[in-house]
Every structure is written in C-alpha cells, then in structure tokens.
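The structure presented is a predicted model; accordingly, all values stated were derived computationally and were not measured.
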Amino acid sequence: YMIAYYGAAFEEINLSSLEKLGEGAFAGCTALKKVVLGDNITFIPDRAFLQCQSLDTINLSKVTKIGANVFLNTALTTVEIPCVTEIGKYAFSECENLISVVLNENGVVINEGAFSNCGILANVENLDKATYIGDYAFAYTSLTNVDLSSAEYIGSLAFAKESLTEFAVVLGENIQSFGENPFAYCDLEAFSSFEVIEFNGKEYRVPTYTFDINDNVKVINGSLYFKVPYGLEYVCFAGDSNTEYVADDTVRISAYAFAGSHIKSV
C-alpha cells in the first residue's frame, strides 16, 4: 500500500507488485516521467499523480475507476482507459499535451471538468458510449465533432469554447436533461431529423426542424429544449437565422443559451 512518496527526483517507478495506492501518493513529483502499474491496481485515488508535470507514460489498461484530480497538469499525450467506468472530477484537466483518448466501449461516467482545458485534445474514441457528461467535462478542448448518442445528461458548459467555433453534435434518444447550455460558443447547425414522404409513387427524405427526440427533449425550429416543471427550458440556439422565435410554453432560458450566436432579435 503506497501512502505517500517524496522522492521527487525519481523519473521512473515500477509498481507492478503494488496492490493499493493512497490519495496523493505521488502528487508533486515533477521529475516523474514513467509509471508501471500492476494488474492489482484497478482504482487510482484522488490526486495520486497531481502536478506530475513530466509524467507522459502510464499503463491504465486494468484500471476501472479514476478519482478526482489524479492526472491534473501532467504531460500525457494519449490516454487509453478501456475498462474505466467512472472518471473523477478534473482527473485529466490541464493536460496541455493530451491529443487523444480511448474510453470504455461499454459506457462511462465522465464527471465535472474531467478533460477541461486540454487545449489540443481533438479525438475521443467511444464518447458515443458515455452515459453521463458532467459540467465543463470537455470545456476548452479542440473537439469539434461529437457523437453523444448514449448520453442521458450533458452538463453545464460541457463543450464550451473560448470563441465561436464550428461544432457538430449528435444526440440520442436516451438524453433526459441538460445543465446550462453545454455548447456555449459552439456554432451549431440547426438540429434536424428526417421525415419520409411519398410523392408520385416515390419516397423522399425531407428534413424537419421541429420534432421530439423523446418525451423529455424537443427540437423546436432547430433549437434545443427540454421539459421542466410547468413548461420547457430553452437550452441553446442552433442555426443561422437573425430572429429566433422562442416556443410559447418556454418558462426558462438557459444561461449562455445565445452565447456566440448571430441573433439580432428574439
């Protein structure tokens, strides 16, 4: 059981025989570059490698849960966590070299700020299997195209940008609710679906911009709403019109709902 480690000058550590890590075990070991974990380590507790600014190599293939702030401000460039079912708050935040992530293909809970401020992160495999995406989870990354087909909840500013950025998103039927506009400063095309109509004996797919995703989430005039007590909440504007007609039964407009839009009148 590794409780805490103060050998800050070490660059490589082999923990293949270790069975348990303590919170903050290697926090602040700024020279540490490589860690070898054994198969017995399936949980990495809070702050275990916090501020290990040189850490760029660690095997996580057997890990099933990662705590909060574990790899915050490390030098990781790729992260493969195929067995992880839950990622703690700010676990990989501020990893400025992080380019790509491979998530669990069987689903994962991604908590608040997990990959926030990873400025060059542009590829996240199996994100379409994630069931919960917390507040700020991918805020201020380089993601521009996301499939959130399995998500039940997408948190406040989950994919927020610093400036207006073209962004494409796919939602699935499992979605139930949102935090404050998850897509603030994302330049979204109007949400749409397709209806099949028959004309002169032929079937045609015609786009529609007002439809129900499920009983709780709706698209109206291309923009996103979900049900709240006594009416609807307007989540975010999507499209390029100069005038937005807010649905009559709207009782709340999300924070940042129009952030970065070209709207001139409502």
Less than 3.5 Å apart, which donor and acceptor atoms pair up between the side chains of residues 115-131 and the rest of the protein, not counting sequence neighbours?
unit_1, atom_1, unit_2, atom_2, d
Ser116, OG, Ser93, OG, 3.0
Ser116, OG, Gly113, O, 2.9
Asn126, ND2, Leu103, O, 2.8

Check: [Y] and [X] side chains under 4.5 Å, non-hydrogen atoms:
X	Y	answer
Leu15	Phe26	yes
Ser142	Thr165	no
Phe43	Thr64	no
Leu171	Phe178	yes
Phe183	Val235	no
Val246	Val266	yes
Ile66	Phe92	yes
Leu32	Ile13	yes

Do the side chains of [X] and [Y] join up, straight or via other hydrophobic residues, at under 4.5 Å, putting them in one cluster?
X	Y	result
Leu60	Leu98	yes
Ile110	Tyr140	no
Tyr136	Val101	no
Leu55	Ile41	yes
Tyr90	Phe49	no

Looking at every heavy atom in both [X] and [Y], which two are closest together, and how far apart are they?
X	Y	value
Ala114	Gly88	CB-O, 3.9 Å
Ile263	Ser241	CD1-O, 3.4 Å
Ala48	Ile44	CB-CG2, 3.6 Å
Lys62	Thr42	O-CG2, 3.6 Å
Gln176	Val217	O-CG2, 3.8 Å
Glu173	Ile213	CG-O, 3.9 Å

For Leu188 and Phe237, run side-chain contact (heavy atoms from CB on, under 4.5 Å): C-alpha distance rounded to whole Å, both residues' side-chain angles, the deciding distance at 0.1 Å, then the answer. CA-CA 8 Å; Leu188 300 171; Phe237 169 78; over 6 Å; no
Nearest 0.5 Å, please: how far is [atom2] in [Y] from [atom1] in [X]?
X	Y	atom1	atom2	result
Tyr234	Asn181	OH	CG	9.5 Å
Lys33	Thr57	NZ	OG1	10.0 Å
Glu23	Leu21	CD	CG	11.0 Å
Gln51	Glu94	CD	CD	7.5 Å
Asp249	Leu232	CG	CG	4.0 Å
Asp46	Leu72	CG	CG	12.0 Å

Can you confirm whether the side chains of [X] and [Y] place a donor and an acceptor under 3.5 Å from each other?
X	Y	answer
Asn111	Glu86	yes
Asn221	Ser223	no
Glu11	Ser54	no
Thr243	Ser265	yes
Ser61	Asn59	no

Tell me whether [X] contacts the main-chain N or O of [Y] through its side chain, where contact means a donor paired with an acceptor under 3.5 Å.
X	Y	answer
Glu80	Thr78	no
Asp212	Asn214	no
Thr144	Phe167	no
Asn69	Ala91	no
Thr250	Arg252	no

Quick one: do Asp240 and Asp187 satisfy side-chain contact (heavy atoms from CB on, under 4.5 Å)? Show the steps, please. CA-CA 9 Å; Asp240 58 4; Asp187 188 5; over 6 Å; no
Crowded around [X] [atom1]? As in, over 12 foreign heavy atoms under 6.0 Å?
X	atom1	result
Tyr245	OH	no
Phe191	CZ	yes
Asp248	CG	no

Could you go through the side-chain contact (heavy atoms from CB on, under 4.5 Å) check for Leu50 and Val70 one step at a time? CA-CA 5 Å; Leu50 171 71; Val70 170; over 6 Å; no
Report all side-chain donor-acceptor pairs from residues 151-164 shorter than 3.5 Å, counting only partners two or more places apart or in another chain.
unit_1, atom_1, unit_2, atom_2, d
Ser156, OG, Glu180, N, 2.8
Lys161, NZ, Thr141, O, 2.9
Lys161, NZ, Leu143, O, 2.5

Could you give me the CA-CA distance, side-chain angles and deciding distance for Phe226 and Ile175, then say whether side-chain contact (heavy atoms from CB on, under 4.5 Å) is met? CA-CA 10 Å; Phe226 76 99; Ile175 189 69; over 6 Å; no
